[in-house]
Amino acid sequence: MTLQSTPINRLDYTPPAFLIDRVDLTFELIESQTRVQSRLVLKRNPEAAPQLPLELAGEELTLESIKLDGAPLKADAYTVSAKGLIIAAMPDEAILEIVTLINPLTNTSLNGLYVSSGNFITQCEAEGFRKITYYLDRPDVMAKFTTTIIADKTRYPVLLSNGNRVDSGQMDKNRHWVKWVDPFKKPAYLFALVAGKLVMLADQHTTPSGRQVALEIFVEPGNLDKCHHAMAAIKKSMRWDEERFGLEYDLDSYMIVATSDFNMGAMENKGLNIFNTKYVLAKPETATDVDFDGIDAVVAHEYFHNWTGNRVTCRDWFQLSLKEGLTVYRDQEFSSDIGSRSVERINNVKALREMQFAEDAGPQAHSVRPEAYSEINNFYTMTIYEKGSEVVRMYATLLGKEGFRKGMDLYFKRHDGQAVTCDDFRAAMSDANGVDLTQFEEWYKQAGTPELAITSQYDATAKTYTLHIKQSCPATPGQAEKRPFHIPLALGLLDKHGKDLPLQLLGESNAQGTTRVLELTAASHRFSFVNIDEAPTPSLLRDFSAPVKLSYAYRDEELVFLMANDSDAFNRWEAANTFAKNLLLSLYASNDGQQLAPTSFINALRKVLSEKLDPSLIALMLDLPRENYLLEQIDSVNPAQLHLVHRSVKAQIARELRAELLATYNKLNDGSTYRYEDAGKRSLKNICLDYLAELDEPLVTELLSKQYRLSDNMTDRLAALKALVNRDGGEAQLADFAVQWHDDALVMDKWFALQSTSRRPGALSRVQALMDHPAFSIKNPNKVRALIMGFCLQNAPHFHAADGYGYAFAADRIIELDKINPQVAARLASSFNRWKKMEPQRRQMMQDELQRIAQQSDLSSDLAEIVNKALS
Ligand code: B3K
Ligand code: ZN
């Protein structure tokens, strides 16, 4: 058997030996034994070496029959293994007919064809199609699919697949069938099938070229009233892509199916997207403002994949960021255009720093275009997605909005209908703009977060201001030395009144704007600005123009000044964030737990509260950096100690700004009925409440229980409940909440998450007890994320408890989950990635648990890869 063995290396790519023109699939759906007939029209690939065997991937399949050109294949003409099927002697053109049997009912991996709440669902990216039938399951094999689905009419009235519905009919034994034809060729990872009892919300969209597109959202009965936000998001996304990128939809219908058992957010199957219910179902009583934004972003993301992913797909899985980084960039731009650009940018950068920077600094670090993998499912990472999006954003920053559009146009013109590489994308950007982007490839090749060390010098006689900039990048696994990156550094200079100065570089004849993008290509640079009458305050890395760590020795007064004056909203927030981060880290370092934050810090926050700014921006500026982010900045860290410092600063802010916080809260808590547009006000109101909840006062308890009782929306109710859960006496409301929402799985996820992330003593035993709650199931990824990942990844003080019980619990669950759903187990295992950062005792306990996991027999390839890398 020569089907690829692991690890798989990027440079070993070879074109497929065969191509598939057509695939005709027929599914006879029976829960425990589904029969899949596949008819492949194959031809030898002229680009591949001659005489190669045909190697079809296939896993967990029972082969019922196989025919080549109409005749049953003799047993010695092919070999079957646990990885697939090989036919050594193949004609140059052939029709291969294969019948396999599969068991969707016992498929708990949620990969391939599985049963969820009595409905059939597929998930084929990245390599799930091989669990359905033997196939050339690789993205550079693109074929036209037809799919016929046969099933019991009563239990499965709705039968869906990709493309257009062309025919249907009745059969014996109360069965019916539907035939779908997808006119676009596609890789197998975009195949989808859904069958079940579903109801539909219908709408429509007309594209600029006049195509009428039926928009259809399918959900379980009883949920139609929660689909309207998602439907509006589809329409907004379609319009946006037409206007911003000139891209329109290409089929007669666009379908979304929501399922509650799903490994991730959603999946962009051609014409038939499958979504986690979390990103479809919402109404103000059940969903928070963050949930609504998440629906907009995920709906847009999956829709945008129709061009960036489906029409133009990836040659191989090393190119994953070609579609994911680009599509995240597109959904972030969409969210910026429909909401607040600066708030969107701040939230994205926060997530990048909290999670991707940690990934880049740890044992799983990999480049945006990885060099090797054992299990591709482990590479749906923050690096591929979020850093990948930053890389795309840097093209736009370097080339400008129009230059970027030219590059996109050329990319589609050259590659529509093809499976291509990140280099092809970079070439399109470069060729469309006539610029050399050779060095830019380093962003795809080198892992690790680059660091910029900047110093400045003002020369009062020459009236020049000079920046010295050094870039470096720490070593990452397998990459000891790094070459310089091509970094766009956007910056401005503020005069003493806070006004932006016109920027003229030495040697230029005049000033060119007040925000400049400097291009860093060498290890060190020096830039001098002329005609600067007084020492300015630099506003560096505006809008976070590159995914780097910046160090510049800002004095506290300069940060306060930038917080109040910077014309770049991102950097206003960044100044507040830097001030708070510096303070928390220095209080942690002083280590006696007694020190207080200086008055200058409290006053700066007081001033923020009084600013006339977008309330959501004020809320973001008030929010302290998360513990997970701070942990990353400290070596040999004690998370319990860090938690105490964090809490004591929060409590101090609450005490010293009590009057202002209360006044802001009262002003915003005006009893008005819910309006979606007031999300910013709710976020400011609730951060005030979050601070006030640090005060052990009856007045605060009263505020909390009032807000919990009287709110007409989930955002406000949940904010109150979250605070109550962290205080004495919150049990009554928790119980009340569960009584009210026990029937709503997504709301119950919130209830589990509140408790898994609670900082009160005894969190672990409560989480353990909740695993027996009737609403919990370890087979459901949303539940695992809420209860178990919530505890292991978002509850630092308890997960890292000094007794090590948190670690033991996590390891037990990882081992348990690996037998059920390896992808989820591998995700959970990332909670151990940063073990080397911990102080010696915790480091030892985490290492011991990792070793215990590694020693289990029959580890999945998913989990083995993560654990082995963590230990190496
Ligand atoms: N492309 C899918 C992710 C598939 C994950 C497979 N393990 C969702 C998305 O990025 O849109
Ligand atoms: Zn995606």
Side-chain angles (χ1 to χ4, degrees), residues 59 107 109-114 121-131 137-139 162 186-192 230 233-234 237 241 254 256-259 261-276 278-280 294-314 316-335 348 368 370 373-389 391-392 419 781 785 821-828 830 860-863 865-866:
E59 289 171 12
N107 181 359
S109 68
L110 312 186
N111 189 28
L113 178 66
Y114 61 94
I121 304 280
T122 54
Q123 171 56 35
C124 293
E125 187 177 359
E127 298 180 334
F129 195 72
R130 64 188 61 187
K131 292 179 72 177
D137 188 8
R138 43 186 291 169
N162 317 87
K186 65 169 177 288
Y189 83 85
L190 292 173
F191 172 79
I234 300 177
S237 307
D241 219 13
Y254 179 64
I256 284 182
V257 174
T259 175
D261 297 295
F262 209 59
N263 280 344
M264 60 263 169
M267 176 66 211
E268 69 264 23
N269 317 298
K270 183 79 190 185
L272 176 58
N273 292 185
I274 299 179
F275 273 58
N276 190 322
K278 179 174 165 59
Y279 294 107
V280 177
I295 290 172
D296 282 328
V298 176
V299 167
H301 181 97
E302 305 312 328
Y303 172 69
F304 295 159
H305 265 317
N306 191 52
W307 277 96
T308 50
N310 302 4
R311 291 284 288 251
V312 184
T313 194
C314 301
D316 54 71
W317 292 117
F318 296 101
Q319 319 300 327
L320 182 56
S321 198
L322 171 72
K323 74 176 177 82
E324 294 306 345
L326 176 54
T327 306
V328 171
Y329 171 73
R330 277 152 53 68
D331 83 55
Q332 290 180 351
E333 282 298 291
F334 168 78
S335 295
N348 291 332
V368 165
Y373 62 77
S374 293
E375 177 49 67
I376 186 58
N377 283 320
N378 285 330
F379 284 79
Y380 288 76
T381 58
M382 291 297 288
T383 299
I384 299 297
Y385 277 68
E386 313 304 318
K387 186 175 183 179
S389 160
V391 169
V392 173
R785 279 185 278 266
N821 187 330
Q823 286 183 37
V824 174
R827 262 304 128 124
L828 182 59
S830 66
S860 67
S861 57
D862 307 59
L863 183 54
E865 180 173 36
I866 298 292

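One-based numbering, in listed order, for ligands and for the atoms of each.
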Just wondering, is there an N, O or S atom on Glu302 that's nearer than 2.8 Å to the Zn ion (ligand 2)?
-> no
Partner set under side-chain hydrogen bond (donor to acceptor under 3.5 Å, both in side chains) for Tyr279, not counting sequence neighbours = none
Counterpart residues, side-chain hydrogen bond (donor to acceptor under 3.5 Å, both in side chains), relative to Arg130 (two or more places apart) = Asp137
Here the vertex angle at the Zn ion (ligand 2) for NE2 of His305 and OE1 of Glu324, given to 10°, is 100°
Fit a plane to each ring of Tyr380 and Trp317, take the angle between them on a 0 to 90° scale, and name the class: parallel (under 30°), tilted (30 to 60°) or perpendicular (over 60°).
-> tilted
Hey, what polar pairs (N/O, under 3.5 Å) does ligand 1 make with protein?
| residue | atom | partner | partner atom | Å |
| --- | --- | --- | --- | --- |
| ligand 1 | 1 (N) | Glu125 | OE1 | 2.6 |
| ligand 1 | 1 (N) | Glu268 | OE1 | 2.8 |
| ligand 1 | 1 (N) | Glu268 | OE2 | 3.4 |
| ligand 1 | 1 (N) | Lys323 | NZ | 3.4 |
| ligand 1 | 1 (N) | Glu324 | OE2 | 3.1 |
| ligand 1 | 7 (N) | Asn377 | OD1 | 2.9 |
| ligand 1 | 10 (O) | His301 | NE2 | 3.4 |
| ligand 1 | 10 (O) | Glu324 | OE1 | 2.9 |
| ligand 1 | 10 (O) | Glu324 | OE2 | 3.1 |
| ligand 1 | 10 (O) | Tyr385 | OH | 2.4 |
| ligand 1 | 11 (O) | Glu268 | OE1 | 3.3 |
| ligand 1 | 11 (O) | His301 | NE2 | 3.1 |
| ligand 1 | 11 (O) | Glu302 | OE1 | 2.8 |
| ligand 1 | 11 (O) | Glu302 | OE2 | 2.8 |
| ligand 1 | 11 (O) | His305 | NE2 | 3.2 |

When the ring centroid of Phe318 is compared with that of Tyr373, is the distance short of 6.0 Å?
-> yes
Only one of Met267, Glu127, Gln123 forms a side-chain contact (heavy atoms from CB on, under 4.5 Å) with Tyr189, so which one is it?
-> Met267
Arg138 CZ: over 12 foreign heavy atoms closer than 6.0 Å | yes
Could I get the full list of ring pair (Phe, Tyr, Trp, His ring centres under 6.0 Å) partners for Phe275, not counting sequence neighbours?
-> none
